[in-house]
Amino acid sequence: MKKNKLIAKLTIVLFVITLSGCQNNTNTTVTDENKAVEAKNVFVPEFNADSAYKNIERQLAFGPRVPNTTAHKACALWLEASFRRFTPNVIVQQAKLRAFDGTMLDSKNIIASFNPDNTSRVLLCSHWDSRPWADHDPDPANRKKPVPAANDGASGVGVLLEIARQLSLHDPGLGVDIVLFDAEDYGEPQELQGTNEDSWALGSQYWSKNPHIPGYMARFGILLDMVGAEGATFTMEGTSMYYAPDIMRRVWDVADRLGHGSYFSTKKTGGITDDHLYVNQILGIPTIDIIDYDQDREKGFFKYWHTVDDDMKNISKETLRAVGHTVMTVVYESK
Ligand code: AHN
Ligand code: ZN
């Protein structure tokens, strides 16, 4: 009997130790993910803004990358070939996706992986398609024309291609997946009384339900959307703050530390529907959106949003560098 009691006691003690051990581990992981304040002593390659800028020009040279057009098909091949120069691990995920108006979109999510076997992974993403209609153009004659999508599309991709190049040159020591989502910008136009939020971000909805690797998981994700405009302001957007406040603070802290605080405002803004929403909701990867957005501005988004003037004229290498430098530092410091 005594022996039994002792065993029971020991079991309880062991159980408590195990419990507190687990808690400790969890805490450590969370703390690790959050700490940003101090620069880690790791090598961070230099982000080349000229290269990012050229990547945007190359995309625009195809014409608007509207799904089901030849420009879209040609650009997809170029994006895939570009990735293959940097890593052998490239997957093109094809899907036919139904748009709000019933159009079936031939879409391709284009994915590049670095250190595919490392279980410690970071997700970087952006959309690469162009909006078919410049429905926010001040001139009604332009509203049925497609958007060149230099900022709203090509800018995030331009930054991510440059990051991919750097990842191929300097091993970050952790897994990185770069996902270029298709069919983000085929959302229902407002004048059709569009309240159909799920008509946006079709490519990321598909990928989140069918990740390129079954059971895919990453520690956190960063979405880049409209990261190239001159004088951009990236606010702390509500959907990101709801699902991934620690990641958002950490990225903003890094930006501040690197001297890019003028682009990364600590103003809290409303939540928006963008690719990160579905990655958060469906896959449960805490993902933030670095986006030029503030609901107190006339348009919310940048001045030329969904107009035919979203072209190279408005793209700034300084803005691209602020974003690229910040995101690359976060990635390499996540080792
Ligand atoms: C909505 O307008 C609901 N979402 C905007 C997401 C977006 C459009 N990002 C780029 N273009
Ligand atoms: Zn758009």
Side-chain angles (χ1 to χ4, degrees), residues 56 59-60 64-67 69 72 75 97 99-101 105 107 109 125-137 142-160 179-208 221-229 232-235 237-240 242-243 269-281 287-311 314-315 319 323:
I56 302 173
Q59 292 171 80
L60 264 75
R65 284 79 64 215
V66 171
T69 65
H72 182 268
C75 186
L97 303 174
F100 72 92
D101 60 357
L105 308 177
S107 80
N109 292 325
C125 44
S126 191
H127 79 90
W128 70 273
D129 60 307
S130 307
R131 182 155 181 78
W133 321 279
D135 49 340
H136 281 79
D137 200 282
N142 288 334
R143 291 187 192 150
K144 290 209 161 73
K145 294 179 188 166
V147 179
N151 195 29
D152 186 4
S155 69
V157 174
V159 167
L160 293 180
V179 183
L180 307 181
F181 294 124
D182 202 352
E184 189 277 338
D185 235 346
Y186 217 105
E188 186 169 9
Q190 236 167 31
E191 73 266 16
L192 302 179
Q193 289 307 312
T195 46
N196 186 1
E197 291 289 308
D198 286 343
S199 67
W200 301 87
L202 299 178
S204 57
Q205 293 189 53
Y206 182 83
W207 177 78
S208 299
I222 301 176
L223 171 67
L224 306 183
D225 196 3
M226 308 187 229
V227 292
T233 306
F234 311 116
T235 60
E237 175 272 331
T239 304
S240 308
Y242 179 81
Y243 287 104
T269 51
I272 61 165
T273 299
D274 204 346
D275 295 311
H276 66 323
L277 174 68
Y278 302 100
V279 177
N280 278 301
Q281 274 183 349
T287 302
I288 64 159
D289 196 359
I290 300 182
I291 185 165
D292 194 356
Y293 172 71
D294 184 343
Q295 72 267 6
D296 295 336
R297 292 182 209 154
E298 195 188 333
K299 272 195 156 174
F301 301 109
F302 75 113
K303 196 170 152 203
Y304 300 110
W305 181 66
H306 293 180
T307 73
V308 298
D309 290 314
D310 178 7
D311 57 21
N314 188 43
I315 299 295
T319 307
V323 174

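Both ligands and their constituent atoms are indexed starting at 1 by order of listing. These values consider heavy atoms only, across backbone and side chains, with no hydrogens, waters or symmetry-generated copies. Bear in mind the structure is a predicted one, so any value in this text is a computation, not a measurement.
- For the 3.5 Å distance criterion, the side chains of Asp185 and His306 qualify, holding a donor opposite an acceptor.
- Proximity to Asp152 (heavy-atom distance under 4.0 Å) selects the following atoms of ligand 1: 10 (C), 11 (N).
- Residue-to-ligand polar distances keep His127 apart from ligand 1: every N/O pair is separated by 3.5 Å or more.
- No hydrogens or angles considered: a donor-acceptor pair under 3.5 Å links the side chains of Tyr278 and Asp198.
- The heavy atom nearest to atom 11 (N) of ligand 1, out of those in Val147, Asp310, Asp185, Asp225, is found in Asp185.
- Side chains of Asp129 and His127: a donor on one and an acceptor on the other come within 3.5 Å.
- Among Met226, Glu184, His306, the residue whose heavy atom lies closest to atom 6 (C) of ligand 1 is Glu184.
- Note: Trp305 and Phe301 have tilted aromatic rings, judged against thresholds of 30 and 60 degrees for the angle between ring planes.
- Per residue Asp185, closest N, O or S atom to the Zn ion (ligand 2): atom name OD2.
- Annotation: angle subtended at the Zn ion (ligand 2) by His306 NE2 and Asp152 OD2 is 100°, to 10°.
- Taking each heavy atom of Cys75 and Gln59 in turn, the nearest pair found is SG-CG, 4.3 Å.
- Side chains of Asp182 and His72: a donor on one and an acceptor on the other come within 3.5 Å.
- Taking every heavy atom of Trp305 and a limit of under 4.0 angstrom, the matching atoms of ligand 1 come to 11 (N).
- Under the 4.0 angstrom criterion for non-hydrogen atoms, Thr273 is in contact with ligand 1.
- The protein heavy-atom contact nearest to atom 3 (C) of ligand 1 is Glu197 OE1, 3.4 Å.
- Only one option out of Asp137, Val308, Thr307 pairs with Arg143 in a side chain to side chain contact (heavy atoms under 4.5 Å, CB included); it is Asp137.
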